[in-house]
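The next block holds one structure in the form of structure tokens; read it before the comments.
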Amino acid sequence: MADRRQLAALVGAGLTMLLLVACSGGGGGAGPAMPLAATGNVAEASTGSDTGTLEQQVTALTARLRDLGPGVDPAEAARAAEIAVRQPLQWAREWQVTDSPLVHNFKVVNGLRDKGVCQDWADALEIALHAERFRTLDLHRGIANARNLSLEHASLIITAKGQPWDDGLLLDPWRIGQGRLFVAQVREDPRYTWESREAVRAWHADWKRRALERQG
């Protein structure tokens, strides 16, 4: 009986940790992913190794990037889409991401995997796209849940050159799981309300300043 109680306690603790270590309040990948071309305002890229399916996803994302503005270079849009769709699948293999986002986060926190939380995906994708030195596209970092009790989620945002960050497209390889790309207009994300990284940093700095003033 004692063994059963101990097992139940461990399971309960494990489930709690799964929630605590998530980049979000809810897990991605709960349902079947949809190809980019099959959706409207919100698009999810299916994983699969089918080359034709990946090519369709790249084509669909290229079109959405070109739609950001008339000044977007079609070649840059195509290159950005290629990287955003295909490269996270390679990182998933390198980081041994084989589970849902919540389960993989649990593994990272407990030292069973080195990378694969939302910050890792956002960092890697930002570095990869920044290396292309795009002339007609800008990169931004979005942060959600910075000011509430839910844990923060980070992702990359891409806009036309000079465009406000919240007019852009959210590129989130973490949410669905295993490097499959989730894409949405920033303002139309069904799960998160986003802020710019700069706004969150300013808020943190102001919070620390006010906390020090109260102590003094």
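Contact check for D138 versus I157: no side-chain heavy atoms found under the 4.5 Å cut-off. Counting heavy atoms from C-beta on, the side chains of V58 and R86 come closer than 4.5 Å. In this structure, R187 and W194 have side chains that are not in contact, with every pair of non-hydrogen atoms separated by 4.5 Å or more. Between R135 and K161 the shortest side-chain heavy-atom distance does not fall below 4.5 Å. Under the 4.5 Å side-chain criterion, counting only non-hydrogen atoms from C-beta, Y192 is in contact with N145. Residues D114 and V108 have side chains not in contact (no heavy-atom distance under 4.5 Å, counting atoms from C-beta outward).
Evaluation of the side-chain contact (heavy atoms from CB on, under 4.5 Å) rule for A75 yields D73 as partners, not counting sequence neighbours. A search for salt bridge (Lys or Arg N to Asp or Glu O under 4.0 Å) contacts involving D67 returns nothing, not counting sequence neighbours. In terms of the salt bridge (Lys or Arg N to Asp or Glu O under 4.0 Å) criterion, residue partners of E126 (sequence neighbours excluded) are, by chain and number, R141, R197.
Side-chain contact of D172 with H153: a donor-acceptor pair under 3.5 Å is present, judged by distance alone. Residues S196 and H140 bring no donor and acceptor atom of their side chains to less than 3.5 Å of each other.
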Please test V85 against L54 for side chain to side chain contact (heavy atoms under 4.5 Å, CB included), starting from the C-alpha separation and ending with a verdict. CA-CA 7 Å; V85 170; L54 290 178; 4.2 Å; yes

Audit row: I83, E132, side chain to side chain contact (heavy atoms under 4.5 Å, CB included) steps and yes/no: CA-CA 10 Å; I83 292 170; E132 297 297 313; 3.5 Å; yes

Under the criterion side chain to side chain contact (heavy atoms under 4.5 Å, CB included), I'd like the reasoning laid out for L129 against L156: C-alpha separation, chi angles, the key distance, then a yes or no. CA-CA 10 Å; L129 290 175; L156 191 68; 3.5 Å; yes

Show your reasoning for whether ring-ring contact (aromatic ring centres under 6.0 Å, His included) applies to H104 and W95. CA-CA 10 Å; H104 189 81; W95 301 343; 8.0 Å; no

What's the verdict on side chain to side chain contact (heavy atoms under 4.5 Å, CB included) for Q96 and K107, showing C-alpha distance, side-chain angles and the deciding distance? CA-CA 11 Å; Q96 297 178 281; K107 289 182 175 181; over 6 Å; no

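Side-chain atoms of S155 come within 3.5 Å of backbone atoms of L171 as a donor-acceptor pair (strictly under, hydrogens ignored). Between the side chain of W121 and the backbone N or O of G116, at least one donor-acceptor pair lies under 3.5 Å. Counting only distance, with no hydrogens or angles, the side chain of D167 and the backbone of Q163 share no donor-acceptor pair below 3.5 Å. R66 places no side-chain N or O within donor-acceptor distance of the main-chain N or O of T62, the cut-off being under 3.5 Å. No donor-acceptor distance shorter than 3.5 angstrom exists from the side chain of E195 to the backbone of I143, with no hydrogens or angles considered. Distance alone, capped at 3.5 Å, is enough to place a donor-acceptor pair between the D120 side chain and the V117 backbone. At distances below 3.5 Å, at least one donor-acceptor pair connects side-chain atoms of Q178 with backbone N or O atoms of T98.
Of all the heavy atoms in P88 and G179, the pair that sits closest is CB-O, 3.3 Å. When all heavy atoms of V72 and A160 are compared, the closest pair comes out as CG2-CB, 3.8 Å. Heavy atoms only, all atoms of each residue included: I176 and P101 are closest at O-CD, 3.9 Å. In this structure, L125 and P173 approach most closely via the heavy-atom pair CD2-CG, 4.0 Å. When every heavy atom of P190 is checked against every heavy atom of F182, the shortest pair comes out as CD-CZ, 4.2 Å.
Ion pairing between K115 and E94 fails under the 4.0 Å rule for side-chain N and carboxylate O. Salt bridge R175/D189: present, at least one basic N to carboxylate O contact under 4.0 Å.
Here the CD atom belonging to Q90 is positioned 4.5 Å from the CZ atom belonging to R93, to the nearest 0.5 angstrom.
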